[in-house]
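Worksheet: the structure to be examined is printed underneath.
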Amino acid sequence: MQPDALSIHRTLLTLDTHIDIPWPSGPDPFQDGARKVDLPKMARGGLRAGCFVAYVPQSTRAPVFETAAYTRALAMLDHINLMARMPSLVPLRLAPRADAIEAARRDNVVAIVPCVENGFAIGTDLARIAEFRARGAVYMTLTHNGHNALGDSCNPRRDLGDREVEHGGLSAFGKAAIALMNRVGMLVDVAHTARDTMLQAAEESRSPIVSSHSCVSALCDHSRNMADWQLDVIRDVKGVIQITAVSAFLKLNAKPEDVTVADFADHIDHAVRRIGIDHVGISSDFDGGGGISDWNDAAQTPNITIELAKRGYDRGALEKLWGGNFLRVMRAAEGVAG
């Protein structure tokens, strides 16, 4: 079983939909070093594409801090874009659209997919969304830890003065932001949002929503995970949940060394049984808190495919889980743009 799974793995378009980058400085992504995801590890692990994220931490909601967050996000997106233009022993290419990701795979080139995490980065200025998309950003996560001008987070920041609920889900500004994200072809990412925010985003968006890095509440009752009814909503709007390798989301209060790819696959199994193979995918959250005992960096990526193959997922199912479903929702977002 394992050799067959490995040979299949090497032919798949494997897309990890949430990878953080160290900022403002960190280990060289072109060297095999301390990062969980660098180009040598991607090559060894057969990881063909990655959504590299410009993550902006939440801070006080005042213009000076919002402008700083926006400036940081732009600089990070520029850095992600620059990766694709640097000399590299592992060929790579910027791929801000679904066709470009598939073309990179055909050409045996690693696809670099820019994204933004935390709508705090736009402050209260909708024009910033188009600037992100112009730099290739495929999705923007509406919130992170803490409410922002767009909507409520699943994790209010008491240290920043957050109440349990501020907007009751999306704000009017958040709804306008989603309309503009649809117009520019950017996916609406509901990871980190409160449940009401997620539901309203599904209702507002003209393209399918995604959760770029979440797990399921039925197996681990964590605020960041999705209840079964939320999974149903994702199915109903033809979206996708990308199960992620964060130990505490997979097993409550667990440390990375206590969690295995079998635990990860249990969450895949639950979501697939609940909403179908077309609405589930894979992410790591590497270099942003992700990593478990036997998928602790990109070089160990085949372990996921091996475990899923053991459970009976055939090549077609693996293609969908490893990127096909995410590419479908990308195309849907691109289709409603304009």
Side-chain angles (χ1 to χ4, degrees), residues 1-19 32 36-52 90-93 95 98-113 210 212-213 215-216 240-245 250 259-286 290-331:
M1 176 65 73
Q2 291 193 15
D4 289 341
L6 281 171
S7 67
I8 291 171
H9 179 81
R10 293 291 174 179
T11 65
L12 296 172
L13 198 176
T14 44
L15 169 62
D16 179 344
T17 61
H18 200 86
I19 301 165
D32 194 351
K36 291 184 184 295
V37 181
D38 51 42
L39 274 298
K41 290 186 183 69
M42 291 181 78
R44 290 204 306 278
L47 184 59
R48 304 307 312 175
C51 290
F52 288 86
V90 179
L92 62 162
R93 179 185 301 164
D99 285 352
I101 296 172
E102 288 195 328
R105 178 67 190 105
R106 288 195 300 271
D107 296 340
N108 199 30
V109 172
V110 170
I112 304 296
V113 185
V210 303
S212 66
H213 58 306
C215 296
V216 298
V240 63
I241 177 174
Q242 302 290 122
I243 302 300
T244 198
L250 293 165
V259 181
T260 69
V261 293
D263 299 309
F264 184 92
D266 287 345
H267 283 251
I268 295 272
D269 284 347
H270 179 89
V272 168
R273 284 194 298 266
R274 180 79 188 193
I275 60 175
I277 192 68
D278 293 333
H279 306 289
V280 186
I282 295 169
S283 69
S284 68
D285 202 8
F286 282 152
I292 55 179
S293 63
D294 43 0
W295 192 32
N296 195 44
D297 61 37
Q300 295 181 317
T301 298
N303 290 343
I304 297 293
T305 304
I306 291 167
E307 178 64 28
L308 292 172
K310 285 179 182 176
R311 295 178 181 225
Y313 290 92
D314 62 15
R315 181 189 174 81
L318 292 168
E319 286 176 340
K320 290 183 176 186
L321 293 171
W322 262 124
N325 292 334
F326 194 82
L327 292 179
R328 173 182 57 77
V329 295
M330 280 184 66
R331 286 197 169 93

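This structure is a prediction, so every number in the text was calculated from the model and none was measured.
Although no hydrogens or angles enter the test, the distance criterion places a donor-acceptor pair under 3.5 Å between the side chain of Gln242 and the main chain of Ile282.
With sequence neighbours excluded, the residues forming a salt bridge (Lys or Arg N to Asp or Glu O under 4.0 Å) with Asp269 are Arg311, listed by chain and number. Scored by the ring-ring contact (aromatic ring centres under 6.0 Å, His included) test, Phe286 finds Trp295 as partners (sequence neighbours excluded). Judged as a side chain to side chain contact (heavy atoms under 4.5 Å, CB included), and not counting sequence neighbours, the contacts of Asn296 are Lys36, Gln300. Partners of Asp263 by side-chain hydrogen bond (donor to acceptor under 3.5 Å, both in side chains), not counting sequence neighbours, listed by chain and number: Thr260. Considering only residues two or more places apart in sequence or on other chains, Arg331 meets the salt bridge (Lys or Arg N to Asp or Glu O under 4.0 Å) condition with Asp99, Glu102. A search for side-chain hydrogen bond (donor to acceptor under 3.5 Å, both in side chains) contacts involving Ser293 returns nothing, not counting sequence neighbours. A search for side-chain hydrogen bond (donor to acceptor under 3.5 Å, both in side chains) contacts involving Arg273 returns nothing, not counting sequence neighbours. By the side chain to side chain contact (heavy atoms under 4.5 Å, CB included) test, Asp107 is found to be paired with Arg93, Val109, residues two or more places apart in sequence or in another chain being considered. Among residues two or more places apart in sequence or in another chain, the side chain to side chain contact (heavy atoms under 4.5 Å, CB included) test is passed with Arg105 by Leu13, Arg48, Asn108. Under the ring-ring contact (aromatic ring centres under 6.0 Å, His included) criterion, His18 pairs with His213, sequence neighbours left out. Listed by chain and number, the residues in a ring-ring contact (aromatic ring centres under 6.0 Å, His included) with Phe52 amount to none (sequence neighbours excluded). Residues satisfying the side chain to side chain contact (heavy atoms under 4.5 Å, CB included) criterion with Lys41, sequence neighbours excluded, are Asp32, Asp38, Arg44, Asp297, Ala298, Ala299.
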